[in-house]
Amino acid sequence: MRIDVLTIFPDLIRDVLKYSIPRRAIDAGLVDVVAHDLRDYADDKHKTIDDSPYGGGAGMIFKPEPIAHALKALPSGGHVVFLTPQGRPFTQSVANALSLTDHLILLCGHYRGIDERVREHYVDDEISIGDYVLSGGELPALVVVDALIRLIPGAIGDAESALEDSFQNGLLDCAWYTRPREFEGATVPQALLSGDREKVAQWRRDNARQRTRARRPDLLESQ
Ligand code: JBE
């Protein structure tokens, strides 16, 4: 899988991917993530990438040409995703579907947004990571990259564990415990200490269901 990220902060993207599972997956060649600086595709000597909106108003709009120019410089056929609060909500099932894409291009906007014409002609898909306003699309792009990398076979040590992730079964994750057996007077549920695999599995299923009912009943209704 190849992921290109178009951004005015390529180092932010590169730096975050130097840690943990994304780093290991990239080092192992399971995924290639390339961050491109949109300013490199600006067509004037001041490397202008934004301008004020027609009709007036506060904030700046990304000009269409640098985005079009950057996209044309990439191999054709990639699935172009714009990260925006106006996009469809990002969920585990969207991540699962996108993880099957060979070539993904993530476009990060800033300020007020991007020129509508470049969005209409070049963007295939729009995704939002949540109903709040961020400074730009970089953190959302990193959220998407991280969620996709976890799903690539071999990215996670235990082959089973991505499938066992919270949300893959439509439920929140169960509670987990490690040593010591007693911490500040609190003990560990007996079933987990029983050594009986079936009992442990049953406890975890029940706990996940209870937590989902208490915290996110909407997830149970959508099953
Ligand atoms: O969710 N998003 O993709 C966003 C992008 C840019 C700004 N705010 C967001 N929430």
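Order of appearance sets the numbers: ligands from 1, and atoms from 1 within every ligand. Side-chain atoms are counted along with the backbone in the values below, which use heavy atoms only and exclude waters and symmetry mates. Residues take their numbers from the sequence shown, with the count starting at 1.
At a 4.0 Å cut-off, at least one heavy atom of G136 sits close enough to ligand 1 to count as contact. At least one heavy atom of I127 sits under 4.0 Å from some atom of ligand 1.
Considering both main-chain and side-chain atoms, L134 comes within under 3.5 Å of ligand 1 through a nitrogen or oxygen pair. Checked by distance only, ligand 1 and I129 come closer than 3.5 Å through their nitrogen or oxygen atoms.
The residue among S128, P85, G87 with a heavy atom at the shortest distance from atom 9 (C) of ligand 1 is P85.
Checking Q210 against R213 by side-chain atom types alone, no donor-acceptor pair falls below 3.5 Å. Counting only N and O atoms by type, the side chains of H79 and D125 include a donor and acceptor under 3.5 Å apart.
Put simply, CG on D50 and CG on D115 are 12.0 Å apart, with the number rounded to the nearest 0.5 Å.
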Residues 29-41 side chain polar contacts: donor-acceptor under 3.5 Å, at least two apart:
from : atom 1 : to  : atom 2 : distance (Å)
H36  : NE2    : D4  : OD1    : 2.7
D37  : OD1    : R39 : N      : 3.0
R39  : NH1    : K47 : O      : 3.1

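Near L83, with a cut-off below 4.0 Å to any heavy atom, the atoms of ligand 1 are 3 (O), 5 (C). Residue-ligand proximity, G130 to ligand 1, at heavy-atom distances under 4.0 Å covers atoms 1 (O), 10 (N).
With L6 as the fixed residue, the side-chain contact (heavy atoms from CB on, under 4.5 Å) test singles out one of I13, V80, L74: L74. Shown are T84, L98, V143; of these, the side-chain contact (heavy atoms from CB on, under 4.5 Å) with I127 is made only by L98.
Looking at D131 against ligand 1, nothing comes within 4.0 Å, counting heavy atoms.
Looking at atom 10 (N) of ligand 1, its nearest protein heavy atom turns out to be Y132 O, 2.8 Å. Counting protein heavy atoms only, atom 3 (O) of ligand 1 is closest to T84 N, 3.2 Å.
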Please evaluate residues R209 and D206 with respect to the criterion salt bridge (charged side-chain N to carboxylate O under 4.0 Å, His left out), reporting the C-alpha separation (whole Å), side-chain torsions for both, the decisive distance (0.1 Å), and the verdict. CA-CA 5 Å; R209 197 157 279 282; D206 291 347; over 6 Å; no
